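Everything numeric here is computed off the predicted structure, so don't read it as measured data.
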Number of protein chains: 2
Amino acid sequence: MSESTRLPLFIQISELLRREISAGYWLPGERLPTEAELAKKLGVAVGTLRKALTELESNGLLERKQGSGTYVKNAPDSSAVYHFFRLELKSGGGLPNADVLNLERHTNTHVASLLGLPSNAPLWRFRRLRKLDQQPAAMEEIWIDGRHSEHIAIEDVIESLYVFYREKLGFWISRVQDSITVDHVPDWKHPDFAPDVGSACGYIERLSWSNQDRIEEVSFTWYDPESVRYAARWT
Amino acid sequence: MSESTRLPLFIQISELLRREISAGYWLPGERLPTEAELAKKLGVAVGTLRKALTELESNGLLERKQGSGTYVKNAPDSSAVYHFFRLELKSGGGLPNADVLNLERHTNTHVASLLGLPSNAPLWRFRRLRKLDQQPAAMEEIWIDGRHSEHIAIEDVIESLYVFYREKLGFWISRVQDSITVDHVPDWKHPDFAPDVGSACGYIERLSWSNQDRIEEVSFTWYDPESVRYAARWT
DNA sequence: AGGAATTTGTGCGTATGTATC
DNA sequence: AGATACATACGCACAAATTCC
């Protein structure tokens with residue numbers, strides 16, 4: 001190894017297991033080999049393996065039961081693409097999904113200032129219809145610096161905006177801050193999305209920091225509080 | 001010790017240190033003795049002490065710097081009591097505070113089921129007026145198992161419910177889950193708290209797990225989305 | 001029902017790496 | 001450069017929860 005600083009062993013192990021789980025090598029609900037077996041197979045001490053497993057448990061990929069074993073969680077979002085997605089059905093869960101409705105260049109003084117850009121800076125604005133289990137759940141407006149790319153086609157971002165960021169723009173979102181209040185349904189309301197609570201609507205303002213610790217994305221989300229909730233878990 | 005199930009040693013240590021920090025025995029910014037010294041003084045292995053310190057670090061009471069030492073964080077005032085408090089002024093920040101308005105025994109089928117109790121189980125219900133910078137910001141209703149204590153006086157909980165839980169009831173909240181939607185202002189609306197957004201109101205339903213990993217507390221919060229927001233940070 | 005085997009949790013001790021002073 | 005202090009890694013013993021016979 002000529003690497004300047006290689007990662008700690010327990011991180012290497014946890015990342016290895018994370019990839020294997022993500023690749024479907026270990027299936028949801030399945031029990032992993034015992035600590036002793038795994039440690040031996042991987043050639044590390046049990047304590048080191050335990051630290052890796054603890055890491056994955058706190059990240060929600062594993063569940064560890066004393067006397068029983070270590071199990072792969074039925075991760076609803078194994079791909080980590082939905083890592084920061086915080087909306088779920090009030091009836092519980094729901095597989096997230098998004099349709100890009102609209103993609104245009106605009107200027108916006110407020111957003112520009114949040115992004116630390118001149119007020120007349122060109123921006124990209126995405127408007128998406130978010131779905132949970134294929135049911136319209138929220139409307140979303142996302143803004144990024146317009147200089148990232150001269151041209152963006154809807155096809156580029158149809159899969160996942162986060163993948164697009166990473167693959168095409170060379171950054172990824174590592175941290176977000178959400179502010180949740182109440183707002184009115186915006187006027188670009190989509191016909192498929194019709195909250196019926198008078199005009200009151202759940203409203204999320206999000207700032208997203210990239211791996212370079214810059215605010216690279218600002219988004220606004222309106223959701224129907226009758227069918228959808230914002231869920232936050234803290235430890 | 002004749003206790004049926006005593007707490008793990010590293011938890012006992014972390015709670016001891018937590019009390020000492022909270023009592024001001026260790027001052028903010030101060031450096032703690034080295035791991036080796038502390039472990040020796042407390043009569044535990046270094047590894048055990050490390051686990052306790054890690055616990056406190058993740059709770060934001062300590063900061064550990066390799067090569068330097070372990071420092072008491074300049075906790076904004078009554079440390080970690082507001083660890084799970086997630087409301088802030090839309091204008092930014094705000095020092096949190098609470099008035100206990102009402103404290104009674106009730107039964108409630110819905111809450112009882114959330115707590116895993118029989119539907120007619122006696123419960124304690126706290127109603128509080130939450131303030132930010134002394135301004136009324138939200139109304140809060142908190143439910144716990146009625147068997148925890150036969151009598152609770154308002155004076156007992158006037159400082160902090162969390163401190164009361166830990167000191168008098170012997171548990172503490174280590175994890176919460178929030179669901180944020182929109183609701184109507186409840187009918188026990190306090191005269192000082194008058195959201196003026198029609199009848200739409202920010203609404204938080206919280207489940208709180210204790211250190212024993214049981215749901216020990218259920219709470220409902222109504223906040224004025226005109227002046228207050230729910231703020232969540234993710235990494 | 002109950003006891004043995006299995007599996008994770010806790011605790012101890014030590015050696016070595018790495019960042020800080 | 002050397003001393004100090006936290007981070008990582010190893011290994012072992014026993015406790016507690018679960019499972020299985």
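Atom CD of B/Gln66 is separated from atom C1' of C/dA19 by 5 Å (rounded to the nearest Å). Distance, A/Lys51 NZ to D/dC6 P: 14 Å, rounded to whole Å. One can place CG of B/Leu38 at 14 Å from P of C/dC12, the figure rounded to the nearest angstrom. Whole-Å rounding puts the A/Glu37 CD to C/dT6 C1' distance at 10 Å. When rounded to the nearest whole Å, the span between NZ of B/Lys40 and C1' of C/dT14 equals 16 Å. Taking atom CD1 of residue A/Ile11 and atom C1' of nucleotide D/dA7, one finds them 12 Å apart after rounding to whole Å. Distance, A/Leu49 CG to C/dT8 P: 9 Å, rounded to whole Å. To the nearest angstrom, P of C/dG17 lies 16 Å from CZ of B/Arg50.
Ionic pairing of B/Lys131 and B/Asp99 is present here: one or more N-O contacts between side-chain nitrogen and carboxylate oxygen are shorter than 4.0 angstrom. A salt bridge links B/Glu140 to B/Arg130: one of the charged nitrogens lies within less than 4.0 Å of a carboxylate oxygen.
Of the candidates C/dG11, D/dA9, C/dC12, C/dG11 carries the atom nearest the B/Pro8 side chain, counting heavy atoms from C-beta on. Considering only the side chain of B/Leu9, C/dG11 comes nearest among C/dG11, D/dC10, D/dA5.
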Pairs under 3.5 angstrom only: tabulate donor-acceptor contacts from the side chains of residues 37-53 of chain B to other protein residues two or more places apart or in another chain.
from	atom 1	to	atom 2	distance (Å)
B/Arg50	NH1	B/Glu35	OE1	3.4
B/Arg50	NH1	B/Glu35	OE2	2.7

*Please walk me through it: do A/Glu217 and A/Ile142 pass side chain to side chain contact (heavy atoms under 4.5 Å, CB included)?*
CA-CA 7 Å; A/Glu217 185 196 69; A/Ile142 300 174; 3.6 Å; yes

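In this structure, A/Arg64 does not reach the C/dT7 phosphate: none of its side-chain N or O atoms is under 4.0 Å from OP1 or OP2. For D/dC6, one of the phosphate oxygens OP1 or OP2 lies less than 4.0 angstrom from a side-chain nitrogen or oxygen of B/Thr70. One finds a side-chain N or O of A/Arg31 lying less than 4.0 angstrom from the OP1 or OP2 phosphate oxygen of C/dT7.
Residue side chain A/Glu35 does not reach the base of C/dG9 through any donor-acceptor N/O pair under 3.5 Å, judged by distance alone.
In this view, B/Ser68 and B/Lys65, B/Tyr71 satisfy the side chain to side chain contact (heavy atoms under 4.5 Å, CB included) rule, not counting sequence neighbours. B/Trp222 meets the ring pair (Phe, Tyr, Trp, His ring centres under 6.0 Å) test with B/Trp188, B/Tyr203; sequence neighbours excluded. Residues forming a side chain to side chain contact (heavy atoms under 4.5 Å, CB included) with B/Asp145 (at least two apart in sequence, or on another chain): B/Leu117, B/Arg147, B/His148.
With hydrogens and angles disregarded, a donor-acceptor distance shorter than 3.5 Å links the side chain of A/Asp133 to the backbone of A/Leu95. Formation of a donor-acceptor pair under 3.5 Å by the A/Glu20 side chain with backbone atoms of A/Leu17 is not found in this model. No side-chain donor-acceptor contact under 3.5 Å links B/Glu57 to the backbone of B/Thr54.
Residue contacts shown for B/Val44 are limited to sugar-phosphate atoms, with no base heavy atom under 4.0 Å away. Residue contacts shown for A/Gly69 are limited to sugar-phosphate atoms, with no base heavy atom under 4.0 Å away.
Comparing the local axis fitted to the first five base pairs of the helix from C/dG2-D/dC21 to C/dC21-D/dG2 with the one fitted to its last five gives a bend of 10°, rounded to 10°.
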Can you name the atoms? Protein N/O to nucleotides 19-21 of chain D N/O, anything below 3.5 Å, with the distance.
none

